[in-house]
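These notes concern the structure reproduced below.
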Amino acid sequence: MEIEATDTGSWRPVTPDDVPMHAVVRYEDRGRVVCGTAVDVLDASGRPSLIVLDDDGQHHVAPCTGTLEMRVDRPVSRAGR
């Protein structure tokens with residue numbers, strides 16, 4: 001599954017504490033947007049930092065401070081059923 005970092009889907013701001021494993025997240029790192037799947041957590045001075053796996057198979061460490069967003073699934077409409 002390829003993840004588009006500029007996807008206009010539903011994203012919400014979260015803290016690293018609130019991100020479940022395997023959630024799709026994005027954040028800005030040195031001027032570029034990193035988007036991928038949360039696969040692990042590091043303890044960085046008492047605060048969690050997420051390990052994020054991008055589509056190219058690269059691992060990134062999301063900073064424990066700053067803006068982190070998580071993709072939120074949209075509910076499926078059952079209209080007409």
With a 4.5 Å limit on heavy-atom distance, are the side chains of Ile51 and Val41 in contact?
no
Can you give me the closest heavy-atom contact between Pro16 and Pro63, atom names plus distance?
CG-O, 4.3 Å
Sort and list the pairs that fulfil salt bridge (Lys or Arg N to Asp or Glu O under 4.0 Å) and have at least one residue in residues 14-25, not counting sequence neighbours.
none
Heavy-atom nearest pair, Cys35 first then Val52, reads C-CG1, 4.5 Å
With sequence neighbours excluded, what pairs up with Asp54 under the side-chain hydrogen bond (donor to acceptor under 3.5 Å, both in side chains) test?
His60
From the list Leu50, Val39, Thr37, side chain to side chain contact (heavy atoms under 4.5 Å, CB included) partner of Met21 resolves to Leu50
Supply the atom-to-atom distance Leu68 CG to Ser49 OG, rounded to the nearest 0.5 angstrom.
10.0 Å
For the pair Trp11 and Arg26, evaluate side-chain contact (heavy atoms from CB on, under 4.5 Å) and give the outcome as yes or no after the intermediate values.
CA-CA 9 Å; Trp11 294 88; Arg26 70 180 178 187; 3.3 Å; yes
Using side-chain heavy atoms (C-beta onward) and a distance below 4.5 Å, is Met70 in contact with Pro20?
yes
Rounded to the nearest 0.5 Å, how far apart are OH of Tyr27 and CZ of Arg32?
7.5 Å
